[in-house]
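Notes for the one structure printed next.
Each chain gets a letter, A, B and so on, in the order its sequence line appears, and its residues count up from 1. All values below come from the heavy atoms of this structure, side chains included, with hydrogens, waters and symmetry mates left out. Predicted, not measured: the structure shown is a model, and the values here were computed from it.
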Amino acid sequence: MKKSPLLFPLLVLAFSASAQKSPNKPANIFMSKLPNGLELLVLEDHSVPLVTIEMAVRNGSYTEDNEYNGLSHLYEHMFFKANKDIPSQEKYLERVQELGISFNGTTSQERVNYFFTLGSKDLDNGLRFMNSAIRYPLFLQEEMKKENPVVDGEFQRAESNPAWALFDKVNHKTWGAHYSRKNPIGDHDIILTATPEKMRIIKDKYYYPDNSILLIAGDVKHEDVFRRAREVFGDWKAAGFDPFQRWPIPEFETLKGKDSLHFVTISPNAKVPILLQVWHGPDTRNDIKATLVADVFSYILSQKNSRFQKNLIDSGYALNVGISYQTAKFVGPIQVFCVPNPAKFKESFKALAREIAQFDSDDYFTDEQLETSKIKLANSEKFNMEATTDYIHSLSFWWASATLDYYFDYIAELNKVTRKDIQDYVRKYIKNQPSVAGLLLSPDMQKEWNVTDLDALYR
Amino acid sequence: MKRIIYIILCVCGGTPLFAQTTKELQVDGIKVIFKKTEKSVATVNLCIRGGAANITEAQQGLEPLALRTALNGGTASVNKDALSAELEKLGTEFSAGAKNDFTFMTMTCLRDNWDRSWALFSDAVLHPAMDEGEFKLERDRMVSGAKQLEADPDQYLRILAAQQLFAGTDYAKRVNGVPETLEKLTLADAKDFYKKLLGKQRIYLVVVGNLDEKDIVSKVKSTLAALPSGEAPRKPTAAAIKPGVNVSDRQLATNYIIGFGNAPKYYSPDGPLFQFAMSILYDRYFVELRTKRSLSYAPAAGYNNAFIETPAAQLYITTVDPKQSLEVMTAIINDVKENGFKPKEIENKKKSYLTNYYMTNQSSGAQANVMSTCEASGNWRIFDEINTRIGQVKTEDVNRVFGNYLNEVQWTYLGNKDKVAESDFKQPAPAKLPASNVKKPKD
């Protein structure tokens, strides 16, 4: 058969090499990129006859000022409604049922993702269903009017938990003037008064192939998926600009002062005391190494035999205590969560402060604990890979908040972390660094322990 | 947007793809259910029948407390610290928990570490040190956990509902404990209870992973087979669901409502059919209450098998307009009773069941949990048989079971009490669809 002379250049354009170069990329993951900038990731897993189709977009609360707070999330809800091929949400749901789809979407600070799982033989139908929803939402006035209270209802459920008051106040103090950038659930008034116009503004800023990634995982062949994805998404017009250059995300101000950052909050529905302390941690734009060190350190402190757990849990100061770091492009928070033991309530804060003061000491952890931490992190990735439909959400998280190469090299890089790296990290981000701290109590607890000043408990 | 989650075990239509991979073995008097998979994670559930029937009111929380103390406190030959350190290096996790009808001790590990993980797990089960320090830690943690459950409106709603539904029966007991009972439990209580609890008549083992059958048999023979026969299990006492209303006042940002109606037992011929019907009702609730009327973010309906002797049709919503929501929830049920589900709904639902079934089949932990519950509900084979059963479902069968069972609802409300009156909590109309004369609705 005579080949068209145009075929070869077209193919080169269509399957241009991916930017991901890591030799650590798992063998069942395949990458490509369409000419319009849409990144493609295929994960082959033939264990069950399913395929999961996920579209992730660099959007989320970090793109929201006060006027838009909560609208990335509302936009996510509108994705599951009328579009140019499906006239209403009811018809949308009918189609979901016809295809036997399990679907969801999530909105976080730095990513919005939409995903369907369905039988792998329906891959084509699933791709077209995704295409209609991501590219051609109608934002019908009537559907928006109905969805605003639904989204607000999701917010009200969160607020009904007494811990909400603590988390929200901590977030306000931690992120200051840019609180909205770390608050995906948003603001009641903004949600309830949102308009189709605002949805279109979000779409025109962020919903482009060159700001998105399509992840397909399951019982598929990657060459086939690449070809089909090109057929369906190949004519999606690129933005041709970087939204984050055109509408830059403002930098968070460093935490200042101390007394005003520590507080006690009261809820009549609280049943146990809860302490939350937060520091501004590293991010993947400015200090990649420290983001890895943070994870190793958190996993050392989670070990039952760590000094942190022994001195706080085994000694009876706390019923639950942990430290975590959330990887982010824009200031990842380091959080200590603690449920003080009521039997040693007042002593528990001093005990926690003593531990934090020792975080950078030479003998705070053993060499064995350092190595165990790395093994635990590597093993947790193996566990994460077990359920493919969930695992691809992890991949899109890393794509948005770091890069896929960062993730593919994650374990190899973790293994390079040393004791000195951890000490440097602690000194730079935690020890003697300003933090926000909040304590949740019920009125009875406050009365019993006579607490009004959190700082006094630490002293 | 949050996923449409069916409150079901896993059901599917179509080819019984996994049926051949599960086996029941009898190893020296112990029932072992083994499912071979291809993935790198293995899960073992050692289940103990009885649940709420195994404890008195004063012992609420004792069973999971004893099991956790046993698993995490070290053994006669490996102390607690050494055990923790080795497990963390292996990436192996031990956990224990309680359900209303059975409790479980679970080990999850990487396939590569199976031999050593099993050795540590079986040693912990058979020769626990029952460490005093671990007991106190676990007890304090459970007290705190029980208090936190009461702070969470979703969890507290369910506690209130169970106490109302099952007053005077085993199911009224909280198997994970209440602060007042937990605080009084001692290490001696836990040791004594644990000693009597584990017996071959009461336990069964569910193993899921890329493992070898002969190896499993050999391992069980050399370890758990040493357990005594023990006492025969007892099923928890239960009560039928009766119409009623329980309103609890709490100032919240929204109001929480749950309703329980009668349902067939899971291992009866009607069980999976009814579960199937309830999952279609879920879709109807989603469309009517959320999409069309904006009354709620989270309306739901499902088959609740958390109390195996009294499974329930579960209706649920969080809403700022409880009065209207209750009216619509009941009207939807009555509409189904009057007109039936449409054949197209039945056919579509078979497909989404298949998706959910396969999704469950991705992880060893999820499969082990479903099979453990199926076995407690009558027979683990439900998990495999369900393929065939649901594949053969007919519209008239689904309509018949729906009309036969969902006739009376016991409602529980947690929220602003001024927003509702007792008369707002409607009861469904009696069944109208005779089994032999299903009205065929227009598509």
A/Asn161 side, atom CG; B/Gln148 side, atom CD - distance, nearest 0.5 Å: 9.0 Å
A/Glu147/B/Arg290 ion pair, N-O < 4.0 Å: yes
Residue pair B/Arg141, A/Val339: steps toward the side-chain contact (heavy atoms from CB on, under 4.5 Å) verdict: CA-CA 10 Å; B/Arg141 211 176 281 144; A/Val339 178; over 6 Å; no
Heavy-atom side-chain contact between B/Leu90 and A/Lys376 under 4.5 Å: no
Charged N-O contact under 4.0 Å between B/Asp112 and A/Lys382: no
For the student: nearest non-hydrogen atoms of B/Asp81 and A/Lys310, plus distance: OD1-NZ, 2.7 Å
Interface moiety of B/Leu110 toward chain A, non-hydrogen atoms closer than 4.5 Å: both
Toward chain A, the part of B/Lys292 with a non-hydrogen atom under 4.5 Å: both
Pair A/Glu386-B/Ser364, side-chain donor/acceptor within less than 3.5 Å: yes
Which atoms of B/Glu347 approach chain A - backbone, side chain, both or neither, heavy atom under 4.5 Å: neither
Chain A contact via B/Glu38 - which portion, at a heavy-atom distance below 4.5 Å: neither
Region of B/Tyr256 that comes under 4.5 Å of a non-hydrogen atom in chain A: side chain
B/Asp140 side chain to A/Leu319 backbone, donor-acceptor under 3.5 Å: no
Any donor-acceptor N/O pair, B/Gln362 side chain to A/Thr389 backbone, under 3.5 Å: yes
Any residue meeting ring-ring contact (aromatic ring centres under 6.0 Å, His included) with A/Tyr114, in chain and number order, not counting sequence neighbours: A/Phe79
Heavy-atom pairs under 4.5 Å with chain A, option from B/Val41, B/Leu252, B/Thr318 with the top count: B/Val41
Heavy-atom donor-acceptor pair, B/Ser294 side chain to A/Val150 backbone, under 3.5 Å: no
B/Arg250 versus chain A, the contacting section by heavy-atom distance below 4.5 Å: side chain
Non-hydrogen atoms of A/Asn269 and B/Gln251 that approach each other most closely: ND2-O, 3.4 Å
Carboxylate-amine/guanidinium contact A/Glu371 B/Lys89, below 4.0 Å: no
Qualifying residues under ring-ring contact (aromatic ring centres under 6.0 Å, His included), relative to B/Phe94, sequence neighbours excluded: B/Phe121
Ion pair B/Asp154/A/Arg157, N-O distance below 4.0 Å: yes
Region of B/Thr291 that comes under 4.5 Å of a non-hydrogen atom in chain A: both
Heavy-atom closest pair, residues A/Asn379 and B/Gly91: ND2-CA, 3.4 Å
Heavy-atom pair of closest approach, residues B/Val320 and A/Gln156: CG1-OE1, 3.6 Å
Closest contact, heavy atoms only, A/Phe383 versus B/Thr108: CE2-CG2, 3.7 Å
